[in-house]
Amino acid sequence: MPSSVLAATAVAAVLALTATACGPEEDNAGGTPSASAGQADGKVAIPDDLKDRLKEHGIDPDQWRDGEWKNWDKDKWLREAKDFVNPIIEGLWDPDRMRDADKPPENPVDNDISGDDGVTDPTPAPVRAAGVATPYHDNAPESGKLLFDGPQGSMVCSATVVKDPANPGKSNMVWTAGHCVHAGKKGGWYRNIAFVPAYNNDGLSLAQLETAPKEKIAPYGVWWGQWAQTSEQWIEQGAATGGQGAPYDFAVLHVTPEKGAGGKSLEETVGSALPVEFNAPAVPKIAEMTATGYPAAPPYDGQKLLQCKDEPGRLSVFREQPTMYRIGCTMTGGSSGGGWVAAGQDGKPALVSNTSIGPVTAGWLAGPRLGKEAEGIYRAVSEKYAGQ
């Protein structure tokens, strides 16, 4: 849904940037492209085994290759974890397409959730999002924008470079929200998922970006998702309304550069990666959390990197599901998936959550508290590419 339409939804609705992860899943038996599939006649060349898998789902490989989504209906989603395919289409995310992608995924819930069945602290006062100082790479080197295609067009989220325990110092792993890679119970995997670290590094205006070269928009290149996992809870429960699956709204991507990065990993290319804390201190012991992202719904345009810092509270949407973190923040759709940083058990900065849900009226954000389900996904993706 275009951000302009999203902003016009009922005032009582809440934009949820939520998703689930496919917990530790079996290897992709069908084989997932790990590098550019190459091009023929200006179009991506899709391997024969991938063509067969697409056809099994009733998808025309030529439509996939040409990026035509008008016939992408609910019966043509690639849904299960083993179905994930994301062949590189070199040049697809050109400056115009990156700049114009402005449709945040959504998951509205009621604005007034004071009657929930779990533990919820008072609604926090709004914290006005502040622009990250430029160049973004000097102040938030792990942050970037996530681009992908859905049936409604090109869409945007935010994401964070995280450490890979199987490849110390050479991580190609990115953390985001589950709903930024998979549409939930009535959908499946999005297409053409790519990560752009330090997107618009110099904080150029939308008008300036219209004539800016690609290296200004994507100074560290475009990195395509070669594998993604999100929670089974999101795949089974995630919906366009109601906030189902929000406490399990996390996902991990393993990425590869669209063009050669000189043999360097993503972590080496950007010079940093955050550790992930799966046993973060309880809310009363956390003085401050910082959420970072590229909000794209009004009044923002998705081109600038912003942050909110606040003391967290607790939010419970469903009694039987884990309690979430919540902070005051005016960021809107598009910031979904962006990392939340706080001091971990060792006192050092770590990723402890990601933006999941927040009201259309933009006063607060909530994110999942990362536990065993999130750690299982993280470890599975790491082990899948151990030694590579």
Side-chain angles (χ1 to χ4, degrees), residues 17-18 104 121 123-146 157-163 173-177 180 195 197-201 203 246 249-250 267 270-296 300 302 304-315 323-359 362-370 374:
L17 314 163
T18 165
D121 293 321
T123 300
V127 171
R128 183 171 297 278
V132 174
T134 57
Y136 297 148
H137 178 263
D138 289 353
N139 299 286
E142 306 90 358
S143 297
K145 179 180 280 194
L146 197 70
C157 275
S158 303
T160 308
V161 184
V162 294
K163 290 188 176 297
M173 291 173 59
V174 173
W175 193 281
T176 189
C180 295
F195 175 66
Y199 174 87
N200 188 21
N201 195 33
D249 182 16
F250 36 74
E267 180 178 2
V270 303
S272 186
L274 283 172
V276 184
E277 175 65 74
F278 296 103
N279 187 28
V283 163
K285 296 182 179 180
I286 300 178
E288 184 179 77
M289 280 186 176
T290 300
T292 304
Y294 286 88
Y300 307 106
K304 304 289 183 66
L305 185 64
L306 303 178
Q307 289 182 329
C308 289
K309 296 182 180 181
D310 194 19
E311 181 180 358
R314 296 166 294 180
L315 172 66
T323 300
M324 303 176 71
Y325 293 120
R326 181 164 64 163
I327 61 172
C329 187
T330 60
M331 286 199 291
T332 58
S335 62
S336 178
W340 290 27
V341 176
Q345 294 288 354
D346 61 1
K348 297 179 181 179
L351 186 143
V352 297
S353 186
N354 57 262
T355 298
S356 175
I357 58 174
W364 53 264
L365 297 174
R369 185 173 181 181
L370 307 181

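The model shown is predicted, which means the values in this text are computed figures rather than measured ones.
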Run the side-chain donor-acceptor check on residues 128-143: report pairs under 3.5 Å with partners two or more places apart or on a different chain.
{"unit_1": "Y136", "atom_1": "OH", "unit_2": "L305", "atom_2": "N", "d": "3.2"}
{"unit_1": "H137", "atom_1": "ND1", "unit_2": "Y220", "atom_2": "OH", "d": "3.2"}
{"unit_1": "H137", "atom_1": "NE2", "unit_2": "V270", "atom_2": "O", "d": "2.5"}
{"unit_1": "N139", "atom_1": "ND2", "unit_2": "A133", "atom_2": "O", "d": "2.9"}
{"unit_1": "N139", "atom_1": "ND2", "unit_2": "P135", "atom_2": "O", "d": "3.3"}
{"unit_1": "E142", "atom_1": "OE2", "unit_2": "S272", "atom_2": "OG", "d": "2.5"}

Distance-only donor-acceptor pairs under 3.5 Å for side chains of residues 278-293, two or more places apart:
{"unit_1": "T292", "atom_1": "OG1", "unit_2": "Q307", "atom_2": "NE2", "d": "3.0"}

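Here the closest non-hydrogen pair linking W340 and N354 is NE1-C, 3.6 Å. For the pair C157 and S336, the tightest heavy-atom approach, listed with the atom from each and the gap, is CB-O, 3.3 Å. Contact detail for R326 and P124: the closest heavy-atom pair is NE-CD, 3.5 Å. Nearest heavy-atom pair across C329 and L365 is SG-CD1, 3.6 Å. Of all non-hydrogen atoms in M331 and Y300, the two that sit nearest each other are CA-CE1, 4.1 Å. Summarising the geometry of P126 relative to T330, their closest heavy-atom pair is CB-CG2, 4.3 Å, with the distance given to 0.1 Å.
Of the inter-residue distances, the one linking L315 atom CG with I327 atom CD1 reads 12.0 Å to the nearest 0.5 angstrom.
Remark: K163 pairs with E267 by the salt bridge (Lys or Arg N to Asp or Glu O under 4.0 Å) rule, at least two apart or across chains. With sequence neighbours excluded, the residues that form a salt bridge (Lys or Arg N to Asp or Glu O under 4.0 Å) with R314 are D121. Looking at residues two or more places apart in sequence or on another chain, you find a ring-ring contact (aromatic ring centres under 6.0 Å, His included) between Y199 and Y294. Checked against side chain to side chain contact (heavy atoms under 4.5 Å, CB included), V341 has the following partners two or more places apart in sequence or in another chain: L274, P349.
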Apply side chain to side chain contact (heavy atoms under 4.5 Å, CB included) to K304 and N200, showing your working.
CA-CA 7 Å; K304 304 289 183 66; N200 188 21; 4.3 Å; yes
Which is it for F250 and V276 under the side chain to side chain contact (heavy atoms under 4.5 Å, CB included) test, yes or no, and what are the steps along the way?
CA-CA 12 Å; F250 36 74; V276 184; over 6 Å; no
Run the side chain to side chain contact (heavy atoms under 4.5 Å, CB included) test on F195 and T176 for me, step by step, so that the C-alpha distance in whole Å, both residues' side-chain angles and the decisive distance to 0.1 Å come before the verdict.
CA-CA 10 Å; F195 175 66; T176 189; over 6 Å; no
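Not one N or O on the side chain of S353 forms a donor-acceptor pair closer than 3.5 Å with the backbone of R369.
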